[in-house]
Number of protein chains: 2
Amino acid sequence: MKLSSNSSLRSEIKCQTCSIRRLCLPVMLADSEIEHLDNIVQRKKVLKKNEFLFHAGDQFDSIHAIRSGSLKTYTISTDGTEQITGFHLPGEIVGLNAISSTQYPSFAKALETSMVCTIPFDKLESLSRDIPGLQKQIFKVMSGEIREEQELMMLLNKKNADERFAAFIMNLSARFKRRGLSDKEFQLTMTRGDIGNYLGLAVETVSRLVTRLQKQELIAIQDRYIQIVNQVGLSQLAGTACHI
Amino acid sequence: MKLSSNSSLRSEIKCQTCSIRRLCLPVMLADSEIEHLDNIVQRKKVLKKNEFLFHAGDQFDSIHAIRSGSLKTYTISTDGTEQITGFHLPGEIVGLNAISSTQYPSFAKALETSMVCTIPFDKLESLSRDIPGLQKQIFKVMSGEIREEQELMMLLNKKNADERFAAFIMNLSARFKRRGLSDKEFQLTMTRGDIGNYLGLAVETVSRLVTRLQKQELIAIQDRYIQIVNQVGLSQLAGTACHI
DNA sequence: CGGACGGTTGACCGCTGTCAAATATTGTGG
DNA sequence: CCACAATATTTGACAGCGGTCAACCGTCCG
């Protein structure tokens, strides 16, 4: 039976006790409300590296909260090239761009072993009508995503390669910090190619950037493990660097 | 009194009889539901060209539906440069990126004389709890905006100047068509500078593009009035053009 | 062991930004 | 309505950032 496997999983993992609930949909909900939310979360499944959470074209019926690990979302354009639209960390929601449609417009693939909570959207909609705080939080999450993408747009439109890369690292740093992890050193779970794809740069350019920023003693990288050596310098480069 | 001016305006302009209600929030609502929506729309005001609907930093409490005309939204980065985040046509909603905050993150400025309907967000939230179709429509609008920005990202990341410009024109064309206007010829309400700013190109590049695409007989432009001469060619350039 | 994949480095060049200047258009005050 | 300033647009010359091509190395894994 479907329900039994569900409940067996639920007994282990619940929103109420989830370590990242302050970063996820339950933020600002009362305990009783979180319980209602928890009741509609269908599966809490594990994805191994390179496994898909969903494919573009799959029927949309759920959004997904990341519990651990990291994912990338991307589309494939008509000429077959991949375009990464985002990297997603624990507490973040993926699938929000599918609500206006019946199908997911993008792929979601695990960058490492990850745990994901799947939330049927019709149930979430109706629950959010009874729980104003939940409705507000969904609006906020979506609004925040719109805003972040606008910031990314500014990045791609107005900044050169060094600034893009610096901004990317600082953005990851800030997101790790929010999650209680070190903002000074962390593991990149994506390839250089992924980074370049996301930032609109060639792989070779990313590789050269890594080398250069390391020589400038802004960062130190060993494979995928990055340390931010000069935080002030890096954020200046990312933000307001005047490349005249 | 505030209410009297409101009601005097309301007697003239109502969602129920608005010509673009099929493109706006009321789509899919029953007449009685539209009436409830109409009742919370505070002001239906006119903006003259270059007037602001809101400034970045203004207290957020409302989103805004465009009734006629067109707006641009933009942010100002720390070094003072403007970054246009969107051009907005009748039926579209602006201010959605402010919901996650207490202030608008961007400016909204009229590109021409425009009419705008202002909708207090807290009232909209609570009304949408009673009208499932309204809640769904808000979700859809926000989801659609997320998706459109992801497509724009792909544009900026993967396409060259010609492809960007062609895609921009085709996008406008499609949006005019949805509104029952000609998709073959229309007035651009933004400057070349605005287009370049939005697409991540220098003004000079945009100007050269206009000249080149005109020579290639894909478009014809007289000042801001554009005609799409070769629709197939332009959409090929915009979409799947293989620039190898 | 060998192929696939990820990453790095060098050489080259083309697209597009920058600078400059001329012209056209719009807006404003008298 | 005109004069004039401010803004918008176009065109040319030039150079630099970053893409492309190519070669090489290291690691992982069947």
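On a predicted model such as this, the values are computed, not experimentally measured, just so you know. Letters A, B, ... are given to chains in the order of the sequence lines, protein chains preceding strands, and every chain is numbered from 1. Both backbone and side-chain heavy atoms feed into the values below; hydrogens, waters and symmetry mates do not.
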Spacing between B/N157 atom CG and D/dG19 atom C1', to the nearest angstrom = 14 Å
ask   = Is B/T205 near enough to C/dT16 that one of its side-chain N or O atoms lies under 4.0 angstrom from OP1 or OP2?
value = no
query = What integer distance in Å separates B/N160:CG from D/dT20:C1'?
reply = 15 Å
query = Do B/Q103 and B/D58 have a side chain donor and acceptor closer than 3.5 Å?
reply = no
ask   = Can you check the A/I195 CD1 to D/dG19 C1' distance for me, whole Å?
value = 18 Å
ask   = Base, sugar-phosphate alone, or nothing: which one does A/G200 contact when heavy atoms must sit under 4.0 Å apart?
value = sugar-phosphate
ask   = Roughly how many Å is it from NZ in A/K159 to P in D/dC17, rounded to a whole number?
value = 18 Å
inquiry  = Pick the closest DNA chain D nucleotide for A/D162 and for B/M190 by heavy atoms, then say which residue is nearer the 5' end.
reply    = B/M190
task = Check whether the side chain of A/R212 and the base of C/dT9 form a donor-acceptor pair under 3.5 Å.
result = no
request  = Kindly say if B/K49 contacts the phosphate of C/dT26, meaning a side-chain N or O under 4.0 Å from OP1 or OP2.
outcome  = no
task = Scan A/T191 against the nucleic acid and name what it touches under 4.0 Å (heavy atoms): base, sugar-phosphate only, or nothing.
result = sugar-phosphate
query = What's the CZ-C1' distance between B/F165 and C/dC15, to the nearest Å?
reply = 17 Å
inquiry  = Ignoring hydrogens and geometry beyond distance, is a side-chain donor-acceptor pair present between B/T75 and B/S106 at under 3.5 Å?
reply    = no
query = Is the shortest side-chain N/O distance from A/T211 to OP1 or OP2 of C/dT9 below 4.0 Å?
reply = yes
request  = Check B/N197 against A/K158 and note the closest heavy-atom contact, atom names and distance.
outcome  = O-NZ, 3.2 Å
query = Base, sugar-phosphate alone, or nothing: which one does A/R224 contact when heavy atoms must sit under 4.0 Å apart?
reply = sugar-phosphate
ask   = Nearest-Å distance, CG (B/D223) to P (D/dA8)?
value = 14 Å
query = Can you check whether B/S114 reaches B/V46 side chain to side chain, under 4.5 Å on heavy atoms?
reply = no
key: Integer-rounded Å distance: C/dA20 C1' and B/E204 CD   = 10 Å
task = May I ask you to evaluate whether A/R192 reaches the phosphate of C/dT8, defined as a side-chain N or O under 4.0 Å from OP1 or OP2?
result = yes
message = As a quick check of understanding, evaluate salt bridge (charged side-chain N to carboxylate O under 4.0 Å, His left out) for B/R175 and B/E92, giving each step before the final call.
response = CA-CA 10 Å; B/R175 284 155 74 192; B/E92 296 176 349; 3.1 Å; yes
ask   = Reckon B/A202 touches a base, only the sugar-phosphate, or nothing at all at heavy-atom distances under 4.0 Å?
value = base
ask   = Does a distance-only test, which skips hydrogens and angles, find a donor-acceptor pair under 3.5 Å between the side chain of A/R164 and the base of D/dG18?
value = no
task = Round to a whole Å and report the spacing from NZ of A/K158 to P of D/dC17.
result = 19 Å
